[in-house]
2 protein chains.
Amino acid sequence: MKTLKIPEATIVRLSVYSRFLGTADRRGITTISSGDIADGVGVSPAQVRKDLAYFGEFGTRGVGYNVKDLHRHIMKILGLSAEWQVSLVGLGNLGLALAQYKGFRERGFKIRSIFDSDPAKVGTTVNDVVVEHIDNLEEVLAQQGAQNGAIAQIGIIAVPTPFAQSVADRLIKSGVKAILNFAPVVLSVPPEIELRNVDLAVHLEVLTFNLALHKS
Amino acid sequence: MKTLKIPEATIVRLSVYSRFLGTADRRGITTISSGDIADGVGVSPAQVRKDLAYFGEFGTRGVGYNVKDLHRHIMKILGLSAEWQVSLVGLGNLGLALAQYKGFRERGFKIRSIFDSDPAKVGTTVNDVVVEHIDNLEEVLAQQGAQNGAIAQIGIIAVPTPFAQSVADRLIKSGVKAILNFAPVVLSVPPEIELRNVDLAVHLEVLTFNLALHKS
DNA sequence: TTAAATTTGTGATATAATTAACTATGCAAT
DNA sequence: ATTGCATAGTTAATTATATCACAAATTTAA
């Protein structure tokens with residue numbers, strides 16, 4: 001497979017295009033131009049075409065793109081044709097919100113297992129998923145993996161900061177290949193593990209930085 | 001003020017350095033080198049120095065940086081010496097999680113007002129903040145602004161997608177200068193308004209893209 | 001049929017960001 | 001004092017990303 005180093009920004013934009021195309025499709029739009037997409041998501045038409053060009057030719061010159069087709073193609077590119085096993089660790093306020101987050105389901109992500117250390121939470125059901133004790137993480141993930149052959153597993157970490165690294169270690173040892181980390185701490189993971197950090201305070205700080213600039 | 005276009009990536013890293021320095025400070029570390037910081041947050045030492053160089057000289061050659069000093073400087077750069085009025089709109093699962101998120105308070109952000117449309121929630125208290133009805137948004141923000149003179153206000157949008165744009169419009173009309181949007185939709189706002197989007201599904205899709213690549 | 005209008009795909013260019021290399025400075029040991 | 005070592009600050013080189021401009025393809029209208 002030829003992989004000419006795709007910019008991450010391109011992937012993020014593809015994800016946004018995909019969401020936009022889904023909306024357009026539901027509205028009954030069948031054909032769309034790079035300019036339409038660009039207007040819809042706030043980038044330039046050239047950027048849209050360049051992003052798509054990394055992966056092939058999906059449009060018709062003089063016409064545009066077929067909405068359904070392009071949507072399908074991008075979903076495929078993003079790896080959304082496979083089913084991913086998503087596990088959530090930590091059912092505090094944030095964890096609960098993530099477990100019930102509609103945006104995940106809308107984009108095809110279903111959380112398969114949930115772990116927490118609070119005995120009061122273990123055994124309860126969130127969105128049809130029974131909460132497991134975190135002590136059973138390895139066991140449950142092994143089972144889950146066995147059920148689904150080679151499909152890679154994704155872990156979401158929503159535990160308090162001091163526990164995040166050990167949870168990451170255990171997830172990885174259990175075969176998880178990608179981690180979405182909400183704890184505001186820099187995790188150390190092997191290079192082959194995909195890691196993304198979501199630090200909500202960082203976003204606020206980028207805003208305050210920009211505001212502080214404008215005011216002076 | 002000279003503002004030589006600071007890369008946004010630099011701001012994000014500064015925020016991470018700042019968090020790291022806070023931890024180091026609490027551990028009693030007084031002096032730190034660019035290499036130490038780099039190791040701690042997973043970037044190169046040159047990157048650390050380059051990022052800081054945009055804003056001045058904060059270290060001592062041959063020695064390193066004073067942890068407390070550098071921390072203070074970065075906080076100042078990020079605009080965290082001012083107090084920001086943060087309002088949260090939407091108290092669903094995600095909104096509630098954000099309202100109680102410790103990470104915000106740890107970094108100095110305090111949510112001053114919370115709005116929701118559900119009568120059952122209005123009047124309840126979350127983290128010492130009384131939930132207001134969203135119909136009163138303009139009124140409450142006007143009061144809040146008046147109390148605090150010229151300090152800019154920040155709005156966090158955690159309402160369902162269909163309502164996000166109108167909430168944004170109302171926030172802006174009420175004087176909010178920066179918006180952190182959690183609704184998975186592209187908002188259109190005037191160019192002078194600072195906008196950041198947090199789309200949780202996008203993060204998962206970047207992970208699946210990378211996993212899909214590695215597997216082929 | 002031809003011409004005009006549209007819109008993609010892409011090579012060339014420009015811009016931006018990162019990395020590397022170097023210089024200057026300060027400290028510690030002798 | 002002098003030398004050696006560590007490390008910040010800075011300039012230059014490299015790499016990555018985004019923009020631009022145009023040729024190629026398709027449709028529509030005359």
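Source: prediction; values computed, not measured. To find a chain, count down the sequence lines: A is the first, B the second, and so on, and within it residues start at 1.
- Going from atom OH of Tyr17(A) over to atom P of dT8(C) covers 12 Å, rounded to whole Å.
- In the set dA24(D), dG9(D), dA20(C), the nucleotide with an atom closest to the side chain of Arg61(B) is dG9(D).
- Residue Gln47(A) places its side chain closer to dT19(D) than to any other of dT19(D), dT18(C), dT8(C).
- Of the candidates dA21(D), dT7(D), dT26(D), dA21(D) carries the atom nearest the Arg49(A) side chain, counting heavy atoms from C-beta on.
- Without hydrogens or angle criteria, Arg170(A) side chain to Ile134(A) main chain gives a donor-acceptor distance under 3.5 Å.
- With dA17(C), dA21(D), dC27(C) as the choices, the nucleotide that has an atom nearest any side-chain atom of Pro7(B) turns out to be dA17(C).
- Classified by interplanar angle (parallel below 30°, tilted 30° to 60°, perpendicular above 60°), the ring pair Phe58(A)/His73(A) is tilted.
- The phosphate of dT19(D) (OP1 or OP2) has a side-chain N or O of Ser44(A) nearer than 4.0 angstrom.
- Within 6.0 Å of NZ on Lys110(B) lie more than 12 heavy atoms contributed by other residues, nucleotides or ligands.
- Ion pairing between a basic and an acidic side chain is recognised when a charged N comes within 4.0 Å of a carboxylate O; Glu205(A) and Arg19(B) show no such pairing.
- In this structure, Glu57(B) places its CD atom 5 Å from P of dG9(D), rounding to the nearest Å.
- Side-chain N/O atoms of Arg13(B) include one lying less than 4.0 angstrom from OP1 or OP2 on dT18(C).
- Nearer to the 5' terminus of DNA chain D, by closest-nucleotide assignment, is the contact made by Ser34(B) (compared with the other of Lys50(B) and Ser34(B)).
- Within the structure, a side-chain polar atom (N or O) of Tyr65(A) is placed less than 4.0 Å from OP1 or OP2 of dG9(C).
- Lys5(A) has its NZ atom 14 Å from the C1' atom of dT14(D), to the nearest Å.
- Computed from coordinates, the Asp51(B) CG to dA16(C) P distance equals 17 Å when rounded to whole Å.
- Distance, Glu8(B) CD to dA17(C) C1': 13 Å, rounded to whole Å.
- Look at CZ on Phe55(B): it is 14 Å from P on dT10(D), rounded to the nearest Å.
- The list of side-chain hydrogen bond (donor to acceptor under 3.5 Å, both in side chains) pairs with a residue in residues 33-44 of chain B, not counting sequence neighbours, reads Ser33(B)-Asp36(B), Ser34(B)-Arg49(B).
- Look at CD1 on Ile6(B): it is 12 Å from P on dT18(C), rounded to the nearest Å.
- One can place CD1 of Ile11(A) at 15 Å from P of dA16(D), the figure rounded to the nearest angstrom.
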